[in-house]
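We count ligands from 1, going down the list as the structure has it; atoms in each ligand are counted the same way. Computed from a predicted model, the values in this text were never measured in an experiment.
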Amino acid sequence: MQSQSRSTTYDVCIVGSGAGGGIAAYALTKAGARVALLEAGSMWDPIKDGAMLKWPYDSPRRGASTRERPFGEFDGCIGGWQIDGEPYTMAPGTRFDWWRARMLGGRTNHWGRISLRFGPYDFNRKSRDGLGDDWPISYDDVKPWYDEVDRVVGIFGSVEGLPNEPDGIFHPPPTPRCYERLASQAAKKLGLTVIPARLSIITKPHNGRAPCHYCGQCNRGCMTASNFSSTNVLIPPAQKTGRLTLITDAMAREVTLGRDGLANGVSYIDRKSGRDSHISARIVVLAASACETARLLLNSKSSTFPNGLANSSGTVGKYLTDTTGTDVSGFIPKMMDLPPHNEDGVGGMHIYMPWWLDNSKLDFPRGYHIETYGGRGVPGSGFMGGIHRYPKGGGYGAALKDDYRRYYGSSIGFSGRGEMIPNDDCYCEIDPNVVDQYGIPVLRFHWKWTDHEYNQVKHMQQTFRAIIAEMGGTVFSPMPTKEQGYGIANGGAIIHELGGARMGNDSKTSVVNANCQAHDVKNLFIADGAPFVSQADKNPTWTIMALSMRTSDYIAQQRKAGAL
Ligand SMILES: Cc1cc2nc3c(=O)[nH]c(=O)nc-3n(C[C@H](O)[C@H](O)[C@H](O)COP(=O)(O)OP(=O)(O)OC[C@H]3O[C@@H](n4cnc5c(N)ncnc54)[C@H](O)[C@@H]3O)c2cc1C
Ligand code: SF4
């Protein structure tokens with residue numbers, strides 16, 4: 001941890017070093033600002049600290065998950081659904097799962113790197129179907145910033161010209177693997193669209209970084225910096241400017257206000273010493289992740305803002321959404337007993353199935369896309385989901401080993417990722433009775449899916465079952481019933497939580513304006529998923545990054561003009 005001078009007033013203080021905060025640190029230091037970056041987690045160096053190329057037998061646990069690493073011991077992210085000493089609560093009868101990272105770079109150390117632009121329709125859905133709200137900006141406003149993120153970070157994909165799936169500046173995509181080719185054939189027969197995936201992984205040398213060598217272990221981090229994490233792509237160039245002061249193990253408690261009603265810094269707890277500290281800054285950018293940013297605002301109370309900072313509209317914490325999701329997997333006989341062959345590739349899908357239907361003929365609004373998984377990855381803990389699921393699988397000794405060889409690589413799975421509509425029953429607020437280990441009041445979540453989401457997920461289940469049948473396979477689990485919510489994942493479980501400080505032109509119904517600048521406090525900005533007005537069926541991070549790039553440029557222009 002670099003020591004910070006209490007007497008220094010920084011140009012900008014950014015809270016959070018993940019996708020949004022990393023971009024802001026990169027862009028603002030490049031634009032000449034002296035930036036203090038507060039990060040609640042510890043330092044992390046993907047080259048020294050990552051587990052790339054470790055074998056399962058290198059660990060007595062064979063890579064099984066731990067509380068700190070719920071996605072497996074070799075996973076690149078420290079954090080999880082529960083963090084010791086940092087609880088959150090849920091209103092009785094509701095369920096919301098909140099994934100939080102606690103490390104430099106946040107969740108970008110292990111995210112799936114599916115990097116999709118929102119399309120033109122995604123910014124004005126209310127005008128199209130009357131539900132939710134339109135954004136105050138259009139795709140054309142964000143396009144130059146998506147382009148800039150593509151150029152800085154690097155992404156593979158293919159130019160397709162689809163109306164609501166805008167193309168980017170792509171590196172060549174990897175070719176599909178065997179199971180992806182079979183899935184693609186079956187899906188196309190059923191009328192689905194299948195195109196190469198779009199992931200922020202470089203397949204050519206890019207800005208001094210080596211291309212991917214197809215080890216398939218992206219979730220562990222990447223020692224050659226061939227995939228995107230804030231830690232290996234954004235923080236190092238920001239540090240090179242000499243204008244970044246990185247303060248890790250710094251848990252922000254609240255944004256502080258000056259007598260002029262402007263933000264004048266951030267108070268935080270040094271997690272190592274337990275001491276309270278304060279960073280002074282002329283501009284504050286919150287990028288602690290959507291819900292944590294809402295929590296910071298709600299906890300920043302003053303006589304001017306008794307209900308929380310920038311909350312004159314009363315909408316901080318409201319309009320919370322997550323992606324809808326469900327999964328179906330199955331056994332495909334024609335993929336068993338295959339001769340050994342190399343299925344190496346990137347650590348993620350090589351194909352992508354965008355939304356392909358017309359909602360006017362369906363009983364739910366908006367759409368979903370399909371992610372595909374399977375193949376012959378390195379066996380480890382939980383390998384194949386249990387041999388008993390395969391015909392005649394089980395037993396012991398040589399016959400068991402034979403079964404594993406026979407069935408290895410013969411399963412496939414599909415995940416749906418769809419758009420929910422914001423509703424009044426999904427929000428977070430401060431729990432008046434619970435504080436975390438630092439004494440900071442915690443969030444309480446409220447959640448309720450509606451028939452829009454249930455019907456959409458039912459459609460996902462039916463579609464995935466139809467693709468598996470078309471491949472000649474059998475599904476591992478029965479169709480979930482209506483009472484089981486058709487298998488819908490819990491709110492928050494897809495880890496695409498957005499909203500809580502939404503963007504709008506009207507300060508009575510939104511928290512920030514079209515530049516992600518608080519209506520109530522002109523030197524306070526938000527650079528994570530909190531300003532999102534709607535979800536789209538696209539994974540959100542590329543849009544978080546493009547908006548953060550856009551907001552950072554606005555801040556730089558305003559500083560130049562002497563307005564901030
Ligand atoms: C397993 C997994 C797979 C995913 N796959 C995809 C995908 O394929 N595509 C996609 O688009 N999205 C994906 N996501 C979601 C993606 O990771 C998030 O959308 C993205 O990281 C959000 O960026 P952020 O900057 O808002 O938050 P984060 O990346 O979480 O960063 C927030 C940072 O703020 C810090 N912080 C929090 N509170 C405080 C505080 N009070 N004080 C100081 N610091 C604080 C945290 O420690 C963290 O480092 C995935 C997520 C997970 C977990
Ligand atoms: S698959 Fe490529 S990008 Fe992913 S960890 Fe391996 S080398 Fe890095």
Decide side-chain contact (heavy atoms from CB on, under 4.5 Å) for S510 and M503; before the verdict, give the C-alpha distance in whole Å, the side-chain angles of both, and the deciding distance to 0.1 Å.
CA-CA 6 Å; S510 59; M503 183 193 282; 5.9 Å; no

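Near ligand 1, residues V15, G16, S17, G18, A19, G20, L38, E39, A40, F71, W99, A101, R102, M103, G106, R107, H110, W111, G112, R113, I114, A250, M251, A252, A287, A288, S289, E292, I495, H496, D528, N539, P540, T541, I544 come within 4.0 angstrom through at least one heavy atom.
Taking the six-membered ring for Trp and the full ring otherwise, the centers of F71 and W99 sit less than 6.0 Å from each other.
Only one option out of N232, T231, N219 pairs with N109 in a side chain to side chain donor-acceptor pair (under 3.5 Å); it is T231.
Within the 4.0 Å heavy-atom shell around ligand 2 one finds G221.
In this view, P120 and Y139, N164, P166 satisfy the side-chain contact (heavy atoms from CB on, under 4.5 Å) rule, not counting sequence neighbours. Evaluation of the salt bridge (Lys or Arg N to Asp or Glu O under 4.0 Å) rule for E254 yields no partner, not counting sequence neighbours.
Counted within 6.0 Å of CH2 on W55, heavy atoms from surrounding residues, nucleotides or ligands total 12 or fewer; the atom is thus considered open.
Only protein atoms were considered; those of element N, O or S under 2.8 Å from atom 2 (Fe) of ligand 2 number 1.
The closest donor-acceptor contact from the side chain of T193 to the backbone of P354 lies at 3.5 Å or more, if one exists at all.
In this structure, the side chains of M103 and D49 stay at 4.5 Å or more apart for every pair of heavy atoms. For the pair K54/S59, no side-chain contact is recorded, criterion being any heavy-atom separation below 4.5 Å from C-beta on.
Taking every heavy atom of both residues into account, P211 and T203 meet most closely at CB-C, 3.6 Å.
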